[in-house]
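Please read the structure below before turning to the comments.
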Amino acid sequence: MSIKLYNTLTRSKETFQPVHEGEVRMYVCGPTTYNYIHLGNARPIVVFDTVRRYFTYRGYRVTYVSNFTDVDDKIINRSHEEGKTAAEVAQFYIDAFFEDTGKLNILPADKNPRVSEHMQEIINFVQELIDAGYAYALDNGDVYFAVRKYEDYGQLSGRNIDELMAGARVDVDEKKHDPLDFALWKSAKPGEPAWESPWGQGRPGWHIECSAMSRAYLGQTFDIHGGGQDLIFPHHENEIAQSCSASHAPMARYWMHNGFITINEEKMSKSLGNFFLLREILDKFPGDVVRYYLLSVHYRSPLDFDDAKIEAAARGLDRLKNAYHNLVAAQATADGGAGAPEATLRRQLAEVKTNFEAGMDDDFNTALGLSALFDLARDVNTYLREEDHEKAALKEAQDLFDSLLYVFGLDFEAPGTDDALADDLMALLIDLRAQARADKQFALADAIRDRLKDLGIVLEDGKNGTTWKQAH
């Protein structure tokens, strides 16, 4: 079955056809590095990391590029406020970005290009647009893109150029040829970082950076350009205008945009002041819970935020963890032979895999993908209630579990983590309790059980031994 994805450019689901067979090249817009990222910023990071993982699961070779905007008005303003250089401000928040997203188990990008390190590529791109007649330089050193020269302007956002003109602010820069034209290069102002260019000292406009850097690493036409819904206009619209004007070829075959995170059904954003920093949320909830929560609905749907919904996500994740841990533990004592229960389990594993891929192939529907994962947990729990277990069947179930967890960026058994240590400590306590019961020290055995319950750990005694889980 082929992967289908929703292309914002055509407003339809399309069967994915890569530019190069067996290869996926993705560019995802990264943060402007003047502040810590908030939960709304984290959603595209998790979404497109998961898209990347699923392509890998499907056997594609993926090249993943995500930029840092480290030259921007907001960074300059923050540098003045803090008495630092713009470069120092940008580096601080880039470091914070990696610290925060590391807790979400985000795979490292193949490239994280920075604007400040690609100035020559940007200047060359601007010059190409001037030479082709799509841009013009003013006497003061500013360079603008002539929007009306690009006939397909508005194709991504569906906006009509005459309607845009009616709402344009003509007083922004009266020297512009047209109020709709946007800056490619800004002349230097006192106290701001600047670079030498054919038009004098200055720095890039916002939109040109992604056109230049994506071409540098992924080529003239690549497969997928991703980002949040808020980037459709003007950022991605302007990227298309620049790139297509320079190359007369599509910039990207597919444009993907995730929906907003809302607070009481209002978009979360810094400008509205209704945002929660990701690191604040990670102080309250583990990274895997936050990641699971962000993937609990389809990426194009809005996701409303409150603590109760993340707490519900934590409970759901614990159900999966408990099934997985019991599955791993059962392999140590498995000695049964193949029979009807194993045949049933193998049939169920095949169904889970089919359903998982059907959901994810349909525009990366993580809600359906997670539903298949819960079906797997249910089937595993049912099988574990059998008297005897075949080790090979348990290993097949774990292999499938592992491959699905990889796609969602969830790792239940990372060696050397606190989870592994907790498993070892719990095994020790369970053994001590079992010995106390064997020695008829029932008060001690009950005290171990009750104390663990007070700590949120529930022991369950079954015919195959004692297992544990976290309670909520």
Side-chain angles (χ1 to χ4, degrees), residues 4-14 28-32 35-54 66 100-101 104 106 156-159 224-237 254-282 284-285 287-317 359-371 373-374 407-410:
K4 293 184 181 295
L5 56 82
Y6 183 85
N7 189 352
T8 308
L9 187 64
T10 61
R11 295 165 186 77
S12 64
K13 282 186 189 178
E14 300 178 13
V28 177
C29 285
T32 300
N35 202 348
Y36 300 111
I37 61 173
H38 60 64
L39 189 63
N41 304 139
R43 191 178 191 191
I45 296 167
V46 170
V47 162
F48 291 106
D49 180 70
T50 305
V51 169
R52 171 192 186 178
R53 288 168 177 270
Y54 187 66
S66 186
D100 292 346
T101 58
L104 298 177
I106 303 298
L156 182 70
S157 61
R159 302 196 183 203
I224 295 173
H225 196 317
Q229 184 181 333
D230 55 324
L231 296 181
I232 295 175
F233 187 88
H235 187 48
H236 287 171
E237 191 74 74
Y254 308 96
W255 291 77
M256 295 177 64
H257 297 91
N258 62 274
F260 294 128
I261 291 184
T262 58
I263 305 290
N264 296 323
E265 300 184 354
E266 184 177 50
K267 177 196 167 189
M268 178 185 293
S269 73
K270 292 187 178 78
S271 60
L272 294 174
N274 66 342
F275 66 94
F276 294 91
L277 295 179
L278 175 61
R279 58 179 40 206
E280 293 173 341
I281 295 169
L282 289 171
K284 297 174 63 177
F285 300 98
D288 58 354
V289 171
V290 176
R291 182 173 181 122
Y292 173 93
Y293 161 75
L294 291 171
L295 296 174
S296 61
V297 303
H298 190 279
Y299 76 91
R300 286 193 288 117
S301 300
L303 178 60
D304 203 49
F305 170 82
D306 65 46
D307 280 3
K309 290 174 181 173
I310 298 189
E311 288 165 358
R315 292 191 292 273
L317 192 60
M360 293 297 289
D361 282 348
D362 186 10
D363 195 27
F364 308 98
N365 193 329
T366 52
L368 291 179
L370 286 171
S371 177
L373 194 55
F374 275 99
V407 172
F408 291 117
L410 302 171

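Residue numbers start at 1 and run along the sequence shown. Treat the numbers as computed from the prediction; the structure is a model and nothing was measured.
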Show me the donor-acceptor pairs, under 3.5 Å and distance only, between side chains in residues 225-233 and residues at least two apart or in other chains.
unit_1: H225; atom_1: ND1; unit_2: Y27; atom_2: O; d: 3.4
unit_1: H225; atom_1: NE2; unit_2: E239; atom_2: OE1; d: 2.7

- [ ] Drop me the distance from W255's CH2 to L5's CG, to the nearest 0.5 angstrom.
- [x] 13.5 Å
Task: Nearest-0.5 Å distance, CZ of residue F260 to CZ of residue R43 - done: 10.5 Å
Task: Contact summary for D363 and H298, nearest pair of heavy atoms - done: O-NE2, 3.0 Å
Task: Distance in Å, T10 OG1 paired with N7 CG, rounded so as to fall on 0.5 Å steps - done: 4.0 Å
TODO: Starting at OH of Y292, measure out to CG of L294 and round the result to the nearest 0.5 Å.
DONE: 12.0 Å
- [ ] Hey, could you give me the CG/CD distance between L156 and E237, rounded to the nearest 0.5 Å?
- [x] 5.0 Å
Open item on the list: Could you tell me if D361 and Y54 have a donor-acceptor pair between their side chains, going purely by distance under 3.5 Å?
Closed with: yes
Open item on the list: Taking NZ in K309 as the centre, count heavy atoms belonging to other residues, nucleotides or ligands within less than 6.0 Å. Is the count above 12?
Closed with: yes
Task: Interatomic distance, L9 atom CG to Y254 atom OH [nearest 0.5 angstrom] - done: 11.0 Å
Open item on the list: On a heavy-atom basis, which atom in M360 and which in V407 lie closest, and how many Å separate them?
Closed with: CE-CG1, 3.9 Å
TODO: Apply side-chain contact (heavy atoms from CB on, under 4.5 Å) to L282 and list each qualifying residue two or more places apart in sequence or on a separate chain.
DONE: K103, L104, L278, V290
